[in-house]
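So you know, we letter chains A, B, ... as the sequences are listed, proteins then strands, and number each from 1. Side chains included, hydrogens not; waters and symmetry mates left out as well; all remaining heavy atoms used.
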Amino acid sequence: MSPLARILQALLFLSSEPVPADELAAATETEAPDVLGALAELGAALDGHGLVLRELAGGWALASDPDAEEPARRLLARPRTPALTPAQSETLAVVAYLQPVSRPEIARIRGVASDSAASTLLDRGLVEEAGRSPFGAILYRTTPLFLKLFGLRAVEDLPDVGQWDPSPEEEGALRDRLLAAGAARAGAAPEAQPAAP
Amino acid sequence: MSPLARILQALLFLSSEPVPADELAAATETEAPDVLGALAELGAALDGHGLVLRELAGGWALASDPDAEEPARRLLARPRTPALTPAQSETLAVVAYLQPVSRPEIARIRGVASDSAASTLLDRGLVEEAGRSPFGAILYRTTPLFLKLFGLRAVEDLPDVGQWDPSPEEEGALRDRLLAAGAARAGAAPEAQPAAP
Amino acid sequence: MSSVHRLELDLDVFAGPFDLLLSLVLREELDLLEVDLADVVLAYVDHLERLGELDLEATTEFLVLMAALLELKSRLMLPGEEVEELDELVPAEAADELLARLLAYARYRGAAAHLREAFEDGRPFLWREAPVPGELRRVELDRAEAVYDPATLAGAVGGLLRRPAPLDLRHMRTPPVTVAQRLAVLRGLLRRGRFSFDEAVAGGDRMTVCVTLYALLELYKRGEAGWEQPEPFGEITVAA
């Protein structure tokens, strides 16, 4: 490994948070392109090692290899972070894609008040406050920790949300099932008696 | 590197303290001789890397290469004055203008618990504890570092709120008005009781 | 047994009413006609109660949505020709609104599933948690320079002084039509003998129609009047 790659490995080992390339360049008194080259070298050199180099949350960080997860939890007695509940992941999805967004907006989209899920996400450090709406409601946005835990470099790296929109066919099917599915069977189904007004 | 050496590297990376060989053996569900063999392998594999394997009094540890000391000092000792988040600004503003002020009062004014923002402000040395209220709640005030980072000679030099006051015609002390506005935003009737000193 | 048991609905797995509705509507083997919506409503309310505190807002929202679904279902249960007739009478707006909200919700349900997966993918990576020494977390007083603007603090206080605009209740004026007034009108007409409901509300607005119907129910309860309607949406004849 080049001297720069070695020093970068040491710096990332010492930093508890992802470090942007320009801060690494300033600390090593080099230029960002040199840093990026040396990081590529470091990433290759870590092949076969127990550490991995990851670019996320606007910077670079070292993490332990996933194979070490079980032994590490035994050694450090660190419990596995609980999975996200459906309500939490929905609330987080709305915040991630619409940030900054207020609780009433989240509730309107989800069709249900989301205060408990939002509080849990705040406690877990995945979302944070982002000022207030013109009506005084607190707005929420995602945090760097969110990016780190979800393996994202930036919020812009989130996949296009439009891909989960129902296709025109699915939308049609949904409409049909809501409005017309029963009508086609009307008369055949035993329930289909004229209803008393 | 053997799978065991890779996992040991990950375990030592994650531990902030030296780990005895028998604990490493227990975590990896192997025997101490296997661990010692794999540690020798790891030490050799780290040749030319930015990390070194060291056997210390309490066990085994990874450390950064001594060559990285100067860059590390530059990276970690850089001025720690990240921009204040909206939650931190609001919390700091309440402390600055009302000091001394208790955490419950801050929460009533802001409409949300502000523990995380207050902890960060404490951690960064912008606010400090200032005794306890008659009800036992911890009080906060700003620090000399706060004045310096905001370019103020004294707390009395804080700008007049008038320019930003949405209803300058209202009478009453700033503390009472803030508490009343917080209650109004929370949807509760403004509390008539005087604020705790 | 109730269809909820047949459906084996585990309400804990649903993230909210939209989630539940989408699941019900999209369930392949399920026809809306066969879902006992009353059971779903009861199960949902039970579920909310089991949570310890009854979230009135969530329950209300859920009941509104269920009402929309119920309306749709009742339309489906009518024979074909009456559906067409109903189409003119019952605008599909409520259904369209429900559909639009379900579609908007579906996008975030998909995004949520993606995020849950990304979270699972990220979980095996562990991070070193060696804290930076406290003295490195804050600036030394001697070296501190003015980097923050005091105006941000004054601005924050200004924002906290803002009160929400008082609710505009002017549109909630007292109804200009009272039950007492309509009772008087109905009793006046009754003295003449029979009359039709249309006659009683001729020229009146929706509020008048509503209050008159309420007054009529009041008369029925007291035994002062009865009425008949030979067919749905036909004329209502009121008689003493």
Side-chain angles (χ1 to χ4, degrees), chain B residues 10-11 13-17 62 73 76-81 83-84 86 88-98 109-111 123-126 143-152 157-168 170 174 177-178 180-185 187 190, chain C residues 48 51-62 64 115 118-172:
Chain B
L11 293 182
F13 166 77
L14 293 170
S15 304
S16 46
E17 300 295 327
L62 285 178
R73 205 179 296 281
L76 298 174
R78 68 188 186 275
R80 299 245 151 201
T81 49
L84 297 173
Q88 289 160 5
S89 294
E90 279 190 9
T91 306
L92 186 57
V94 173
V95 175
Y97 280 90
L98 301 187
I109 290 169
R110 298 199 57 235
D123 208 42
R124 296 217 192 121
L126 289 165
T143 61
L145 180 61
F146 161 81
L147 293 176
K148 212 154 174 208
L149 290 177
F150 277 85
L152 299 165
D157 286 353
L158 278 167
D160 186 55
V161 176
Q163 189 188 335
W164 290 274
D165 192 342
S167 44
E170 257 182 58
L174 187 59
R177 292 186 54 208
L178 281 170
R185 277 193 303 273
Chain C
L48 289 172
L51 291 180
E53 55 191 299
L54 184 58
D55 185 340
L56 276 182
E57 212 168 312
T59 312
T60 310
E61 184 87 27
F62 178 78
V64 167
L115 284 182
F119 184 72
E120 291 305 314
D121 290 347
R123 271 214 284 185
F125 292 97
L126 301 179
W127 310 88
R128 195 173 147 82
E129 286 178 8
V132 177
E135 65 271 17
L136 289 182
R137 284 203 294 271
R138 62 178 70 162
V139 197
E140 289 167 53
L141 187 56
D142 308 343
R143 289 216 234 153
E145 288 169 25
V147 289
Y148 297 131
D149 181 2
T152 55
L153 298 181
V157 169
L160 287 170
L161 283 172
R162 204 178 306 140
R163 290 164 185 253
L167 285 180
D168 185 355
L169 297 175
R170 277 174 301 176
H171 62 284
M172 296 193 61

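Of the residues considered (C:Asp149, C:Leu161, C:Val157), C:Leu161 shows the highest number of contacts with chain B, using heavy-atom pairs under 4.5 Å. Ranking C:Gly158, C:Ala154, C:Ala156 against chain B, the residue ahead of the rest is C:Ala154, based on heavy-atom pairs under 4.5 Å. In terms of heavy-atom pairs under 4.5 Å with chain C, the best-connected choice from B:Leu84, B:Val94, B:Asp160 is B:Leu84. Put simply, of C:Val147, C:Leu160, C:Thr152, the one with the most heavy-atom pairs under 4.5 Å next to chain B is C:Leu160.
Closest non-hydrogen pair, B:Leu62 versus B:Phe13, comes out as CD1-N, 3.7 Å.
If you measure heavy-atom distances from B:Leu158 to chain C, the contacts under 4.5 Å come from the side chain alone. With a 4.5 Å cut-off on non-hydrogen atoms, B:Tyr97 touches chain C through its side chain but not through its backbone. Contact annotation for B:Thr143: neither backbone nor side-chain heavy atoms come within less than 4.5 Å of a heavy atom of chain C. For B:Glu170, the part sitting under 4.5 Å from any heavy atom of chain C is the side chain, from C-beta outward, and nothing else. Residue B:Leu92 touches chain C through both its backbone and its side chain, counting heavy-atom pairs closer than 4.5 Å.
C:Phe125 is linked by a ring-ring contact (aromatic ring centres under 6.0 Å, His included) to nothing, counting only residues two or more places apart in sequence or in another chain. For C:Glu120, the side-chain hydrogen bond (donor to acceptor under 3.5 Å, both in side chains) partners at least two apart in sequence or on another chain are C:Arg123.
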Task: B:Arg124 vs B:Leu145, side-chain contact (heavy atoms from CB on, under 4.5 Å): CA-CA, chis, key distance, verdict - done: CA-CA 9 Å; B:Arg124 296 217 192 121; B:Leu145 180 61; over 6 Å; no
TODO: Using the side-chain contact (heavy atoms from CB on, under 4.5 Å) rule, take B:Ser167 and B:Arg177 through it: C-alpha gap first, then chi angles, then the decisive distance, then the call.
DONE: CA-CA 10 Å; B:Ser167 44; B:Arg177 292 186 54 208; 3.4 Å; yes
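Of the inter-residue distances, the one linking B:Asp157 atom CG with B:Leu147 atom CG reads 8.5 Å to the nearest 0.5 angstrom.
Remark: the backbone N or O of B:Leu14 is not paired with any side-chain donor or acceptor of C:Arg128 at under 3.5 angstrom.
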